[in-house]
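This is a predicted model, so every value here is computed, not measured. Side chains are part of it too, since the values below use all heavy atoms of this structure and drop only hydrogens, waters and symmetry mates. The first residue of the sequence shown is numbered 1, and numbering continues consecutively from there.
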Amino acid sequence: MTSSIAGLSPARGLIALVFLSLAAFLPGFAALPVTDRDEARFAQAARQMVESGDPIDIRFGDEARLKKPAGIYWLQAGAALASGQGDRAPLWVHRLPSLIGATAAVVLVAVAGAPLVGWSAALWAGALMVVTLVLGAEARIAKTDAALLATVLAAQAVLMQLHMAGSVSKGRGMAYAFWLAVAAGVLLKGPIGPAVLALTATTLALLRREARWLRPLAAPGPIVLALAVALPWFVAITLRDGADFWQGSVGVDLLPKIAAGQEGKGAPPGSYLLALWLTFWPGSVLLVLALPGLWRERRTRPVQALLAWAVPFWMVLEAVPTKLVHYPLPVYPALALAAAAWGPAGLAMAGRGLRLAAALALLPGLLLGLGVLWFGFAHGSDLPALWPLVLGLAAATVLSGAAGLALARRQVARIVPLSVLAGLALYAGLFPGFARLEALWPGHRAVAAAQRHAEASGCTAAPDLVGWGYNEPSLIWLAGRDTRRIRANEALPDAVSAGARCTYIIRARRDGLPPPPANANCPLIGQFEGLAIGAGKWVTLDLLTCEVAR
């Protein structure tokens, strides 16, 4: 194994990917505020798990959280305990499992891809994954998907090795790695990881018209060990809560997503394909160039493996009405491997039309950066706040221009490195830029203002906070598990005002709101406008402080 990326051996190339991942994922990692809605729920539930010391029960505020297994909560709670700060650990500590998972996933892209495309292309594919927008976001968010991707890739690495080995004896020792990865994926997100693997293995068996190459995975010892790892928590939660967990995870979370667009996140089939040019940027540039070569070699084992990995699960996702941008993440490594392995060769043979299509694929990432920059300036951010984004966008534009020139001149050796550098530059500015856009965080600003006002007013305890018509989960993380959230059409109960000058209300302004209680004086002390990311809409928030009339 002497082939290399930029002159590095495979081992040194993997180490280089680790450092490249950290360079890409750390900007904005600690500065980015808690995001609605999933991150706030996961992080707060993990914090409460640390408080309670109960690894079975999962709670968000006073409500049981019965939609996902306990794996990610264990990882976040473990990180909080290891930090020595316990339930006071800051958000970035809860994000460490995602950072580690994303970095491990990048390394495992190369490990899984090497049997298919060789080490050089596999390492470049890992570099393309580093600068993929969706993975960059998931690496910075305290939720399941980056860690899940690592488990999927660990198992896929075994499948790819078995598929390419040509002899079942070579794969017998891999069964433990495969089944432990499956067990970890189940504990993180239930059936999603196994579904990707099952579709890949089944499709490959059909394409090969035989399944003997999968025989090493039927070893009973690894399967029993995986069951011993994954089943105890499911048994424990079932004994504790009866059918509530299964009703919540399957009946409330999974099946409604399959039946209809859940929480307003519906989109028609083909939406993921249209979004790919941004969510997979800048790898989408190389993917365009790779298409002719993939078609010519569609009957070869490496291409069949990548197609079996990407196409069936993608088709399932396109058919499911609920669509979230991170859902296709488990198949992006297959796209990265295809882009890195066949993109440069495609450029060498590409005609003017294909090169023009690839050049146009350079635009979505730059347009995203320009759009975020415009949003910031249009909604009150000044240049000092946005300078990381300005610098990152400028560097990405120059590097994208160089990549466009390489396309025009068919400079094969330059196109992958320039694409990676363009993505690295853009996202190094984009995520810190997100953190500095005040208009993206109206609820956070309102909570911070309430805390400052309470301190200036001499409150000796944390303020008693109520969300009235603004019910985002981030309020619980920011202000504590006792924070109350009341629907917009509900009258504010008298009991809410009992905290006198230490009671604060964050009210979403809209027509038809019921008034505060008649015996309470609730003056307006602040107003905050911005985009509520979780709700996907612009909101105006009033910050009120209530005192009961004596």
Side-chain angles (χ1 to χ4, degrees), residues 24-48 60-61 65 67-68 72-73 75-76 79-80 89-99 101-102 132-149 189 262-265 278-279 323-327 329 368 371-372 375-376 379 381 388-389 427 429-448 467 470-481 483 485 506 508 528-539 541:
F25 300 151
L26 286 178
F29 178 77
L32 194 70
V34 64
T35 56
D36 284 314
R37 294 175 173 148
D38 283 346
E39 181 181 36
R41 289 167 175 157
F42 280 114
Q44 177 63 26
R47 173 190 275 174
Q48 292 181 211
F60 176 75
R65 182 157 168 76
K67 291 187 176 182
K68 297 289 188 295
I72 193 62
Y73 306 103
L75 293 176
Q76 291 187 25
L91 180 62
W92 68 265
V93 172
H94 288 261
R95 288 172 171 169
L96 286 175
S98 293
L99 176 66
T132 298
L133 175 63
V134 178
L135 185 59
E138 293 298 330
R140 294 169 169 87
I141 299 177
K143 50 195 285 287
T144 56
D145 294 278
L148 175 68
L149 179 62
K189 206 169 183 177
Q262 194 180 50
E263 295 183 356
K265 302 299 191 298
L278 176 60
T279 57
K323 289 183 170 60
L324 294 174
V325 69
H326 61 273
Y327 281 2
L329 184 59
L368 172 65
V372 174
F375 179 88
H379 296 98
S381 297
L389 179 57
Y427 299 138
L430 187 66
F431 289 104
F434 275 132
R436 295 178 177 216
L437 290 177
E438 290 191 351
L440 290 180
W441 316 106
H444 301 64
R445 290 154 52 211
V447 171
Y470 183 75
N471 299 323
E472 296 302 329
S474 57
L475 292 180
I476 304 289
W477 171 266
L478 293 168
R481 64 179 298 175
T483 300
R485 297 179 297 163
I506 297 176
F528 306 89
E529 292 187 357
L531 179 65
I533 297 176
K537 62 183 180 182
W538 194 264
V539 296
L541 303 179

(message) If the condition is side chain to side chain donor-acceptor pair (under 3.5 Å), which residues does Thr132 pass it with, not counting sequence neighbours?
(response) none

(request) Mind checking salt bridge (charged side-chain N to carboxylate O under 4.0 Å, His left out) for Arg95 and listing every partner two or more places apart, or none if nothing turns up? (result) Glu39

(request) For residues Ile141 and Ala137, report the shortest heavy-atom separation together with the two atoms involved. (result) CG1-O, 3.1 Å

(message) Can you list everything that forms a ring pair (Phe, Tyr, Trp, His ring centres under 6.0 Å) with Phe60? Sequence neighbours excluded, please.
(response) none

(request) Indicate the atoms forming the closest heavy-atom contact of Arg37 with Gly534, along with that distance. (result) CZ-O, 3.5 Å

(request) Measure from the side-chain N and O atoms of Arg47 to the backbone N and O of Trp477, and report whether any donor-acceptor pair falls under 3.5 Å. (result) yes

(request) State which residues pass side-chain contact (heavy atoms from CB on, under 4.5 Å) with Glu438; sequence neighbours excluded, sorted by chain then number. (result) Arg445

(request) Quick one: list whatever passes side-chain contact (heavy atoms from CB on, under 4.5 Å) with Ala146, sequence neighbours left out. (result) Ser98, Ala102, Glu138

(request) Could you pull out the closest heavy-atom pair between Leu541 and Ala508, with the gap in Å? (result) CD2-CA, 3.9 Å

(message) If the condition is side chain to side chain donor-acceptor pair (under 3.5 Å), which residues does Thr483 pass it with, not counting sequence neighbours?
(response) none

(request) May I ask you to decide if Gly61's main-chain N or O and Gln48's side chain share a donor-acceptor pair within less than 3.5 Å? (result) yes

(request) List for me each residue that meets ring pair (Phe, Tyr, Trp, His ring centres under 6.0 Å) alongside Tyr73, sequence neighbours excluded, and say none if there are none. (result) Phe42

(message) Test side chain to side chain contact (heavy atoms under 4.5 Å, CB included) on Trp92 and Leu26; report intermediate values, then the result.
(response) CA-CA 10 Å; Trp92 68 265; Leu26 286 178; over 6 Å; no

(message) For Ala24 versus Pro27, what's the shortest heavy-atom pair and its separation?
(response) O-CD, 3.5 Å

(request) Measure the CD1-CG distance between Ile533 and Leu440 for me, rounded to the nearest 0.5 Å. (result) 5.0 Å

(message) So which atom in His94 and which in Ala43 form the shortest heavy-atom distance, rounded to 0.1 Å?
(response) CE1-O, 3.6 Å

(request) For Arg140, enumerate each residue passing the side chain to side chain donor-acceptor pair (under 3.5 Å) test, keeping only those at least two apart in sequence or located in another chain. (result) none

(message) Could you tell me if the side chain of Phe434 sits less than 4.5 Å from the side chain of Leu389, heavy atoms only?
(response) no

(request) Please identify each residue that fulfils side-chain contact (heavy atoms from CB on, under 4.5 Å) with Ser474, with sequence neighbours left out. (result) Val34, Asp36, Ala40, His444, Glu472, Leu478

(message) Could you check whether any side-chain heavy atom of Leu133 comes within less than 4.5 Å of a side-chain heavy atom of Leu430, counting everything from C-beta outward?
(response) yes

(message) Is there a side-chain contact between Gln44 and Pro473 in this structure, where contact means two heavy atoms from C-beta onward sitting under 4.5 Å apart?
(response) no

(message) Within the 4.5 Å heavy-atom criterion, are Phe29 and Leu91 side-chain neighbours or not?
(response) no

(message) Among residues at least two apart in sequence or on other chains, which ones pass side-chain contact (heavy atoms from CB on, under 4.5 Å) with Ala532?
(response) Tyr470, Ala535, Val539

(message) So His326 and Thr279, do their side chains get closer than 4.5 Å, heavy atoms only?
(response) no

(message) Quick one, Leu531 and Leu437 - any side-chain contact, counting heavy atoms below 4.5 Å?
(response) no

(request) Not counting sequence neighbours, which residues clear side chain to side chain donor-acceptor pair (under 3.5 Å) with Asp38? List them please. (result) none

(request) Provide the closest heavy-atom pair for Phe431 versus Gly136 in the form atom of the first, atom of the second, distance. (result) CZ-C, 3.8 Å

(request) Measure the spacing between CD1 of Ile506 and CG of Leu475 and express it to the nearest 0.5 Å. (result) 5.0 Å

(message) Can you confirm whether Ile476 sits close enough to Arg485 that some side-chain heavy atom of one is under 4.5 Å from a side-chain heavy atom of the other?
(response) yes

(request) Enter the distance from Asp145:CG to Leu329:CG here, rounded to the nearest 0.5 Å. (result) 6.5 Å

